[in-house]
Participant: 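I'd like to ask you about the structure that follows.
These numbers come from the heavy atoms of this one structure, side chains and all, not from hydrogens, waters or symmetry mates. A, B, ... follow the sequence lines: proteins, then strands. Residue 1 opens every chain.
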2 protein chains.
Amino acid sequence: MAANIHDVAKLADVSITTVSHVMSGRGRVASATKERVLTAIADLNYQANIHAQRLVSQKSRTLAFQIASFTQNSNSTTLIPNSNYFLEVLNAASNEATRREYVLLILSADVDSSLMDRYGIDGVLIIDPRGDEKIFQTDSHSDWLIVTNGRTVNELTSRIGIVDNDHRRTTRETLMHLREEGYERPALITTDLGRSYTRDLADEYQDWCKEEGLAPIIVELPEPPTQQAAADAARKILARRLPPDAILASAEDLALGVLHAAQDQGLSVPKDLGIVSAVDSSVLLVATPSITAVYLDPETIGIRAVDMLISALEDQAEFPQKAIVPSELRIRDSTMRRNARGET
Amino acid sequence: MAANIHDVAKLADVSITTVSHVMSGRGRVASATKERVLTAIADLNYQANIHAQRLVSQKSRTLAFQIASFTQNSNSTTLIPNSNYFLEVLNAASNEATRREYVLLILSADVDSSLMDRYGIDGVLIIDPRGDEKIFQTDSHSDWLIVTNGRTVNELTSRIGIVDNDHRRTTRETLMHLREEGYERPALITTDLGRSYTRDLADEYQDWCKEEGLAPIIVELPEPPTQQAAADAARKILARRLPPDAILASAEDLALGVLHAAQDQGLSVPKDLGIVSAVDSSVLLVATPSITAVYLDPETIGIRAVDMLISALEDQAEFPQKAIVPSELRIRDSTMRRNARGET
DNA sequence: ATGAAAGCGCTAACAT
DNA sequence: ATGTTAGCGCTTTCAT
């Protein structure tokens, strides 16, 4: 059995208080005794029992990481959808949590809050929220601190922090880039417009169309995003009398689907059709042609979100709070029409 | 503040023992009092404090989920590599854990065990092990139960369970399929042969070559697997005097890299070159041509692994234990040479 | 059928 | 500088 604090105290011939002091660095302990205690700790391979510590402190140093569910109602829920973005946010968040001596619990976004209560969680990270999730309701009786990367129904409460990109700004940047490259009729293919970031995309796209006097073409696909669904959608809008000459897709798989559809139809990308993904991913680099995308800096999102949450938990910061992480349009072959390869 | 067991006892006018009995279903409680207690619990929205329970029970109902690290030495470690397989194992494992009222902690595979101790973990799942990870050492002083999906240095201890596919069998099946399709010189491109499953692939491949009187061509690439590295490797071996006419790749990204290389060189797949991925993934379906792959049934791996671990933890099963999950070759266009599309 | 009390391993206020 | 002690919220043995 593992040694406990009494074993250490006995071996070092001190009280358990002293052992506790040595371990935590609080209180004053003579360096001689400190040495003795340290030796005892090492000898016994002592580690404080985490459950006892948590019971006393009423803190668990545990954060829940949730990705707002794609499939609202199903038994076997998908914790983590197959996307680079999520993986990178998660990896970064986890590293940061570990660094701060916190633990990340990956929870399905549709576990009910009574279950979440049972896990003894200090705070919650919610990625890609719709904003109307139950947990955001102010009257939700458990009130963990929450950090999300998108808008919520109620941003004003002292329980919520936001770390987001400026999706509207980069969407505009993207549309300007397309115009510069000579594309005149951009369309938008997106999943569920309920999500915070897809709404941003659509809003900015519509504003742009109004300003430019364009008729907006928006296709909203059911989640989760699949290449197949995007390809079908693309084929449909490309068959119009006045087809779009560029497509902005809200996710990597949608962009890839569009690419396949275009190629199937014998359209040249970027010459006949420009393609942009609103979320960058490693697969877009190796597609042929490589696909222009918005880099959202998921690592930074993950790190800042964890930081914001922990700071608030440790009373070093106050909620509500909002941070914007810079994003960046990464121009690749799929939209480089003016000097496309092999066109001199 | 949340109500505790005393609050409930007071409200129901019973002792805390009775409340505890009602909650756990142990002991005998008159149905009248039971009702009273239940009402009090509902009124106060009472949930037993999990830290107190864990302190008493010395169990945490928490499992660590680790993917054996790709990058042995780096600060910012990748928890979950970008692969369908891992994601599906994880999602399935997590659902199963939740169903059994356990919690999954995603941990970097290179946290040292003292840190793992601190998390109060009951058992560990290790995916794609090399087998020589520190944690497998019998003298490792903490002795959680471990379940992995691959061979370990020491399978004999009572701490280890294995849930694996029969990689050697499906590798042989794959090679037989290639031969049937008329491929005569299969090559193997793989990452780190240290991993349990890559070693299986390579061993079976070499046995096959010996039996068939073929000169084996094995390329071992550094981890993590990238399309770029695979493409380079493929170009190199395809430039040989006697190039392979089929390539078996140990991961989805390697297969895709090979496909790109082949297409760059003007080779027709499957006509000039057959391609197989030893791990199936959704992207292989949408590649053009679609790529033949081995379906390892990651969902079942995840579920069985969690089940095995929990059963052992709850003394319903004994270690060591081993289970084989059926895998299946999924033949697609990339190896259908005999009646390839457009060849009548 | 119900309750009193000990104890899980620790922290922190309060002596000394 | 070090020790005593009272909790933290629960489970469980043992009385009644």
Participant: Scan B:N149, B:I301, B:T300, B:I324 and name whichever one has a side chain to side chain contact (heavy atoms under 4.5 Å, CB included) with B:N165.
Facilitator: B:I301
Participant: Send over the distance from B:I5 CD1 to C:dG3 P, rounded to a whole Å.
Facilitator: 12 Å
Participant: Show me the pairs that pass side chain to side chain donor-acceptor pair (under 3.5 Å) and involve residues 54-65 of chain A, at least two apart or across chains.
Facilitator: A:S60-A:D122
Participant: If you take any heavy atom closer than 4.0 Å to DNA chain D, which residues from residues 30-40 of chain B end up in contact?
Facilitator: none
Participant: Which is more 5' along DNA chain C, the nucleotide nearest B:Q58 or the one nearest B:R28? Just name the residue.
Facilitator: B:R28
Participant: Rounded to whole angstroms, how far apart are CG on A:N49 and C1' on C:dG9?
Facilitator: 6 Å
Participant: Please list, chain by chain and in numerical order, all residues satisfying side chain to side chain contact (heavy atoms under 4.5 Å, CB included) with B:A317, sequence neighbours excluded.
Facilitator: B:S311, B:Q321
Participant: Taking the side chain as every heavy atom from C-beta outward, state whether B:V163 and B:V147 have any atom pair closer than 4.5 Å.
Facilitator: yes
Participant: Could I get the full list of salt bridge (Lys or Arg N to Asp or Glu O under 4.0 Å) partners for B:D297, not counting sequence neighbours?
Facilitator: none
Participant: When the distance from CD of A:Q47 to P of C:dC8 is rounded to whole Å, what number comes out?
Facilitator: 20 Å
Participant: Sequence neighbours excluded, which residues qualify as side chain to side chain contact (heavy atoms under 4.5 Å, CB included) partners of B:N82?
Facilitator: A:N82, A:N84, A:L87, A:S282
Participant: For the pair made of CD1 in A:I50 and P in C:dT11, what is the distance, rounded to whole Å?
Facilitator: 11 Å
Participant: Between C1' on C:dC10 and CZ on B:R54, what's the gap in Å once rounded to a whole number?
Facilitator: 17 Å
Participant: Partners of A:Y197 by ring-ring contact (aromatic ring centres under 6.0 Å, His included), sequence neighbours excluded?
Facilitator: A:H167
Participant: Could you tell me the separation between the CD atom of A:Q53 and the P atom of C:dT11, rounded to a whole number of Å?
Facilitator: 5 Å
Participant: Does A:E299 have any side chain to side chain donor-acceptor pair (under 3.5 Å) partners at least two apart in sequence or in another chain, and if so, which?
Facilitator: A:Y295
Participant: Just list the side-chain donor-acceptor pairs under 3.5 Å for residues 96-107 of chain A, sequence neighbours left out, or say none.
Facilitator:
from   : atom 1 : to     : atom 2 : distance (Å)
A:E96  : OE1    : A:R99  : NE     : 3.1
A:E96  : OE2    : A:R99  : NH2    : 2.8
A:T98  : OG1    : A:S94  : O      : 2.8
A:R100 : NE     : A:D307 : OD1    : 3.4
A:R100 : NH2    : A:D307 : OD1    : 3.4
A:Y102 : OH     : A:E314 : OE2    : 3.0

Participant: Could you go through residues 35-44 of chain B and list every donor-acceptor pair under 3.5 Å that involves a side-chain atom there, pairing it with any protein atom two or more places apart or in another chain?
Facilitator:
from  : atom 1 : to    : atom 2 : distance (Å)
B:R36 : NE     : B:A12 : O      : 3.0
B:R36 : NH2    : B:A12 : O      : 3.1
B:T39 : OG1    : B:E35 : O      : 2.7

Participant: How would you give the extent of chain A contacts on DNA chain D, as first and last nucleotide 5' to 3' within a 4.0 Å heavy-atom cut-off?
Facilitator: D:dA1 to D:dG9
Participant: Please, which pairs that meet side chain to side chain donor-acceptor pair (under 3.5 Å) have at least one residue in residues 19-30 of chain A, sequence neighbours excluded?
Facilitator: none
Participant: C:dC8 C1' sits how many Å from A:H51 NE2, rounded?
Facilitator: 11 Å
Participant: Enumerate all atom pairs, one protein N or O and one N or O from nucleotides 12-16 of chain C, separated by less than 3.5 Å.
Facilitator:
from   : atom 1 : to    : atom 2 : distance (Å)
C:dA12 : OP2    : A:R26 : NE     : 3.4
C:dA12 : N6     : A:T17 : OG1    : 3.2

